[in-house]
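Remarks on the structure that follows.
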Amino acid sequence: MELFTNQVLAGIATGAIYACMALAVVMIYQAIDHLNFAQGEMAMFSTFMAWQMMQWGVPYWAAFVITLVLSFVGGIVIERLLFKPLAKAPILTNVAGFIALFAIVNSVAGLIWDFTIKQFPTPFGSAPFLGSQLISTHQAGMIGVTLLLLALLFFFFRFTRIGLAMRAAATLPESARLVGINTSWMIALGWGMAAAIGSIAGMLIAPVVFLEPNMMGGVLIYGFAAAVLGGLSSPLGAVIGGFLVGIFENLVGTYIPGAGNELKLPIALALIVIVLVVKPSGLFGHTVIKRV
Amino acid sequence: MTAMLDIKDLRAYYGQVQALHGLEFHLSEGSMTTLLGANGAGKTTTLRAICNMVRSTGTIAFEGKSLSGKSTENIVRLGIAHVPQGRGTFTTMTVEENLQLGAISRSDKASIVSDIERMYDHFPVLKQRHTQQAGTLSGGEQQMLAVARALMLRPRLMLLDEPSFGLAPLIVRDLFKILGKINRDDKVTILVVEQNAQLALELADTAYVIETGRIVMSGSAKDIANNEDVRKSYLGY
Ligand SMILES: Nc1ncnc2c1ncn2[C@@H]1O[C@H](COP(=O)(O)OP(=O)(O)OP(=O)(O)O)[C@@H](O)[C@H]1O
Ligand SMILES: [Mg+2]
């Protein structure tokens, strides 16, 4: 029993990474109805920018905030330049766009910062959290940041006019335009927010997985799994999905003989497939109430 | 006096298919006009063309200014509210959020709050349901919500696409009464597309009849209602 509780705790700690990434995935999905395969690479690039600033002597939190702002602007710029022209193109064209973006961001990062792994600092320290060996202060901080982010997003979408406009543009673009909403800019804003959230995820993940251009590969797949599990339309679902995937991953690694590290990724992929087959709207995807 | 909305040689296209063939009409300020015609005549297309939701050529001038090249949202922001066919309700949001969305392009926060209260006076049922998901309202309630949402823009011109669709006759009368009141008291110019010609002609002061993308008849609503030939050949009652 003790082993079980420990693994669940450890799962929640790793799950916070996925939750953070899943939040970014859901933001874009809401805005454009596609999964952004380059999301992880964008987050990685943001993290490198933060690292570079710290190399230049900028203090952690200043670098953190500047990265957030740059990522937000960068997300908008990417949307305006690359994906706005593709808005009416078929899905496959968009997918090609995502893959191109993935490859470009990945190699540019490699070109600038090379492929050797780098240490990335944590603002929370890495001592045992409240004396527990299972969860470090960094992991606790990460869980805290994820939950804070979730609360902020909830507040933003529920209580601000721009949040309301973004929701309207995402659910019914034509009606949104008919009340005067510039839906195209709402999409750009969604990209900006997703890029900013992704940058937070990247900066929190980097101390755990080390910083290098391919650091987000596995994480993004778990993030997708979490977002799909939570039902791509719900930030709360994404976060809970993230924690569940983390727990699931740890329990499988512990209790299924031979599963170990090699099988963790296939298991995440299997999870995506199973959710899509059994309950395509995910655990928290809103089922729209319709009258007949 | 220039017309509030002046439309000349309007042609609209869905891909290669031409749906409007040189439509001409105008609305004078403060009027209540109805656009009548059979299924597929081009009524919806006309309203969509005004809001640049379908590819079109020709000139559309609103208060003397051309609308050509303007995006839908910018046309709406000039004060043209459009209640589309099918209502366009944000079904996953609450009734109150739908009303707030109607006013999303306005910045006068205080009067938005009082306008929502006014809508609740017009349509008390919306007040009872203000926290309810809009998709769970009945058809009639959703139609009222759609009209109320459009009014939240404080429009100068309101376009309504078959507001009576699917409503019980009694409810249609109520709705039309409210539209008449809005037209008179709030000085909103109204263009209403209807299948229910009889009722629309009672309400409106001017009428146009459209057939396969062309205006075939125009005049005062009274004259058209009294002209038996027109009624029989175009309006079917
Ligand atoms: N999306 C579309 N693609 C192709 N053709 C269309 C489309 N929408 C409408 N049409 C065609 O344009 C013509 C006019 O349609 P429109 O919807 O304006 O008619 P309507 O007068 O509003 O009819 P109803 O009373 O049935 O709503 C019709 O012949 C219709 O088939
Ligand atoms: Mg129609």
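Letters go in sequence order (proteins before strands), and every chain restarts at 1.
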Greater than 12 external heavy atoms within 6.0 Å of [X]'s [atom1]:
{"X": "B:Leu170", "atom1": "CG", "value": "no"}
{"X": "B:Arg173", "atom1": "CZ", "value": "no"}
{"X": "B:Phe165", "atom1": "CZ", "value": "no"}

Taking the side chain as every heavy atom from C-beta outward, state whether A:Arg177 and B:Ile75 have any atom pair closer than 4.5 Å.
no
pair A:Asn182-B:Asn74: side-chain heavy atoms closer than 4.5 Å
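Counting from C-beta outward, A:Asn182 and B:Asn74 never come under 4.5 Å.
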Go through the atoms of B:Ala81 and report whether side chain, backbone, both or neither lie under 4.5 Å from a heavy atom of chain A.
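It is neither, since no heavy atom gets under 4.5 Å.
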Heavy-atom contact with chain A under 4.5 Å, split by part of B:Leu159:
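Neither part, no heavy atoms under 4.5 Å.
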Between B:Arg77 (side chain only) and A:Gly180 (backbone N and O only), is there a donor and an acceptor less than 3.5 Å apart?
yes
Can B:Arg48 and A:Glu174 be counted as an ion pair, charged N to O under 4.0 angstrom?
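Salt bridge: yes.
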[X] and [Y]: which non-hydrogen atoms are nearest, and at how many Å?
{"X": "A:Ser175", "Y": "B:Gly88", "value": "OG-O, 2.8 Å"}
{"X": "A:Leu172", "Y": "B:Thr89", "value": "CD1-O, 3.1 Å"}
{"X": "B:Glu73", "Y": "A:Ile181", "value": "CB-O, 3.5 Å"}
{"X": "B:Phe90", "Y": "A:Ala176", "value": "CZ-N, 3.7 Å"}

Which of the residues B:Met152, B:Met93, B:Arg149, B:Gln100 is involved in the greatest number of heavy-atom pairs with chain A at under 4.5 angstrom?
B:Met93
Given side chain to side chain contact (heavy atoms under 4.5 Å, CB included), test B:Met53 with A:Leu178 step by step and report yes or no.
CA-CA 10 Å; B:Met53 298 165 80; A:Leu178 280 182; 3.7 Å; yes
Select, from A:Thr183, A:Val179, A:Ile162, the one with the greatest count of heavy-atom pairs under 4.5 Å involving chain B.
A:Val179
What distance separates B:Arg106 CZ from A:Arg161 CZ, expressed to the nearest 0.5 Å?
8.5 Å
